Asker: 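Got a structure for you, written out below as structure tokens; questions coming shortly.
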Amino acid sequence: MSKLNPVTTHREFSGLPGAIGITIGLPSLIIFFALVSNEAYSVQGINLDFQAILSQLPQSSQEWIDLVFDKTVWAAYLVWFFVLVALDFVLPGKHMKGTTLRDGTQLDYKINGLAMSSTLIAVLLARFYQTENGYLPELSFIYDNQMKLTLVTTVFSFLLAVFVYVISFVPLVKPNAHGTRERILSINGNTGNPIYDWFIGRELNPRIGSWDIKLFCELRPGLLLWFLINLSCLHNQYHKYGQVTDSVILINVLQGFYVFDGVLNEEGLLSMIDITTDGFGFMLSFGDLAWLPWVYSFQARYLSLPENTLTLGRGNVAIIVGIMALGYYIFHSSNKQKSDFRQGKLEHLQLESIQTTTGSRLLCDGWWGASQHINYLGDWLIGWAWCLPTGFQTPLTYFYVVYFGTLLVHRQTRDEAKCRAKYGKQWEEYEEKVPYKIIPYVY
Ligand code: NDP
């Protein structure tokens, strides 16, 4: 057995059945979202006309092939993906070290979110001013090809997961710090079962040269596509129906803010579970490239359809902006407080904390005295602000807060297991001082 890469014994998501179920279920769900909110059919209230929904699907295998493998849509997506890769290489940025890996080394990451965001905005503005009436064919293309793009991003994420799984077996060109040519695998993705490991992610940090596939996918093609999909909804409303509603503008502003906040603060990701612990397999590849842009944009897609048009009025807009601001404040200031505390920047405040035998301290004061994951509560409130602009026309537009709440609870239980194993008695002491998991006095 390799010392560097212990065999994984614990399996997430009920092991293989869960992995297969998610691999089939989640892509089906984003296809379902495309079917229930488009110009041919839109969900109304709680009624779903399954006959009408399913009649939109191809009837023959040739029609399926045409839908999934549309050459123009594939070409457009590949250009999008690889232009972003090229920009990642050429755009300037600062270099930062990642977490210390099991072989004692740290990877170097290029952080160029500012240059990337500025470039995208500059290109959009240039295209906007180039055209006479602000009509951008690129945005119409996205709007008109939602189903095909949903399928392309899904198939692409599947193939990318196969690619990284295969290269996880290829020995490194140069020996690692242990003097072997083994790659560092994820502690969760080395069971030996090919389907499970492909799903959960076998290699921790798959790279081609210095290009880190995982960090790139987390913050570039899917996140920025989400922003463009939202924009395409606004663009479509204006050019097809001659008006833009405040609900669609609000969604664009709130989610656009979140997207660029994420891209501009990308170094924060270097200490998150996704980068430090999770391997890169189908779960992250699909989550980043397909699930995120198509699930997170559902509210904008729904609201842009003429039968769902909704005008909120100033009062409602103010309330929703207030919820988003509160959520963002909790999310941002609690994450910053933990990060500043760990970097020793808050010594003057003499915050209460628990010294652990590993050397790190657990903060149990300020935000981190209110609950063990108060930052998750902030993030969840932000989610509510994204769903509320759709009014109360159908529960489907609230799918996001239900899904995200479940994800955060799952994440909290995983993190708790990790911290209990790492800190033992000191974690129990922390739990006594801070008993609530996410929502103070509730859970
Ligand atoms: P946290 O930022 O809460 O980090 C958890 C880690 O922090 C623990 O493993 C432990 O690591 C350390 N820690 C825990 N408690 C304390 C404490 N009291 N004092 C000091 N350190 C502590 O979790 P995540 O990485 O999951 O989330 C980061 C942010 O990302 C959150 O705001 C979350 O909402 C957001 N997020 C957003 C998603 C989205 O899709 N929008 C998805 C997932 C997360 P150590 O080993 O260093 O002690």
Side-chain angles (χ1 to χ4, degrees), residues 98-100 187 217-219 222-223 226 254-255 257-263 265-278 283-284 286-289 291-293 295-297 324 327-346 351-386 400-401 403-424 426-439:
T99 187
T100 305
I187 47 162
C217 287
E218 286 263 314
L219 285 171
L223 201 65
W226 170 26
L254 298 183
Q255 298 194 337
F257 173 81
Y258 190 84
V259 166
F260 287 106
D261 183 66
V263 177
N265 294 306
E266 62 188 326
E267 59 234 63
L269 210 71
L270 299 186
S271 56
M272 274 172 63
I273 296 177
D274 308 42
I275 298 295
T276 59
T277 315
D278 292 341
M283 190 175 72
L284 267 188
F286 172 77
D288 292 342
L289 304 181
W291 177 263
L292 185 143
V295 170
Y296 288 40
S297 67
M324 171 89 186
Y328 182 76
Y329 172 66
I330 298 175
F331 161 80
H332 187 74
S333 57
S334 59
N335 280 327
K336 186 168 181 322
Q337 189 178 51
K338 173 155 72 77
S339 161
D340 286 352
F341 172 77
R342 280 285 172 90
Q343 289 170 41
K345 290 182 188 169
L346 303 182
L351 297 170
E352 194 187 341
S353 65
I354 297 169
Q355 180 67 51
T356 72
T357 44
T358 66
S360 27
R361 280 182 299 155
L362 291 169
L363 182 60
C364 33
D365 208 340
W367 285 117
W368 299 86
S371 81
Q372 294 166 20
H373 278 285
I374 192 77
N375 49 350
Y376 289 2
L377 173 63
D379 225 349
W380 198 52
L381 281 176
I382 292 174
W384 276 99
W386 297 345
Y400 178 77
V401 280
Y403 139 76
F404 195 53
T406 315
L407 179 141
L408 291 175
V409 170
H410 178 247
R411 212 175 161 93
Q412 174 268 317
T413 50
R414 279 179 76 196
D415 195 57
E416 186 174 296
K418 177 205 119 173
C419 290
R420 183 160 293 136
K422 184 172 173 184
Y423 298 122
Q426 284 104 38
W427 183 256
E428 283 170 24
E429 198 185 321
Y430 174 65
E431 281 183 314
E432 263 173 42
K433 278 193 190 306
V434 185
Y436 299 105
K437 312 275 184 207
I438 299 176
I439 309 179

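Just follow the structure's listing: the first ligand is 1, and inside any ligand the first atom is 1. Note that the coordinates shown come from a computational prediction; the quantities given were computed from them, not determined experimentally.
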Asker: Could an N or O of ligand 1 be found under 3.5 Å from any N or O of Asp415, whether backbone or side chain?
Answerer: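 Yes, at least one N or O pair falls under 3.5 Å.
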Asker: For atom 30 (O) of ligand 1, grab the closest protein heavy atom and report residue, atom and distance to one decimal in Å.
Answerer: Met272 CE, 3.4 Å
Asker: Does Glu432 have more than 12 heavy atoms from other residues, nucleotides or ligands lying within 6.0 Å of its CD?
Answerer: no
Asker: Among protein heavy atoms, which sits nearest to atom 27 (O) of ligand 1, and what does the distance come to when rounded to 0.1 Å?
Answerer: Tyr376 CE1, 3.7 Å
Asker: Of the side chain and backbone of Tyr258, name the one, both, or neither that has a heavy atom under 4.0 Å from an atom of ligand 1.
Answerer: side chain
Asker: Tyr423 to ligand 1: N or O pair under 3.5 Å?
Answerer: yes
Asker: Would you mind telling me if ligand 1 is within reach of the side chain of Trp291, the backbone, both or neither, using heavy atoms under 4.0 Å?
Answerer: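 Neither part.
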Asker: Could you check atom 47 (O) of ligand 1 against the protein and tell me its nearest heavy-atom contact, residue, atom and distance included?
Answerer: Arg342 NH1, 2.8 Å
Asker: Check whether any side-chain heavy atom of Phe331 lies under 4.5 Å from a side-chain heavy atom of Asp261, and answer yes or no.
Answerer: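 When only atoms from C-beta onward are counted, Asp261 and Phe331 do touch, with a gap below 4.5 Å.
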Asker: Which protein heavy atom lies closest to atom 19 (N) of ligand 1, and at what distance to 0.1 Å?
Answerer: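 Residue, atom and distance for the closest contact: Leu363 N, 2.9 Å.
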Asker: For ligand 1, which is the ligand I care about here, please tell me if Trp368 has any N or O atom under 3.5 Å from one of the ligand's N or O atoms.
Answerer: no
Asker: Which of the atoms of ligand 1 are close to Phe404, meaning less than 4.0 Å from one of its heavy atoms?
Answerer: 38 (C), 39 (C), 40 (O), 41 (N)
Asker: Please work out, at 4.0 Å between heavy atoms, whether the side chain, the backbone, both, or neither of Leu292 comes within that distance of ligand 1.
Answerer: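 No part of Leu292 comes within reach of ligand 1.
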Asker: Compute the shortest N/O to N/O distance between Asn335 and ligand 1 and return yes if it is under 3.5 Å, no if not.
Answerer: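 In this structure, Asn335 places an N or O atom under 3.5 Å from an N or O of ligand 1.
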Asker: Are Ser360 and Tyr423 close enough, and set up right, to give a side chain to side chain donor-acceptor pair (under 3.5 Å), and what steps lead you there?
Answerer: CA-CA 9 Å; Ser360 27; Tyr423 298 122; 3.2 Å; yes
Asker: Short N/O distance, under 3.5 Å, between Trp427 and ligand 1?
Answerer: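 For ligand 1, there is no N or O atom that lies under 3.5 Å from one belonging to Trp427.
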Asker: Check Cys364 against ligand 1 and report side chain, backbone, both or neither, counting heavy atoms closer than 4.0 Å.
Answerer: neither
Asker: Would you mind reporting whether Leu284 and Cys217 have side-chain heavy atoms less than 4.5 Å apart?
Answerer: no
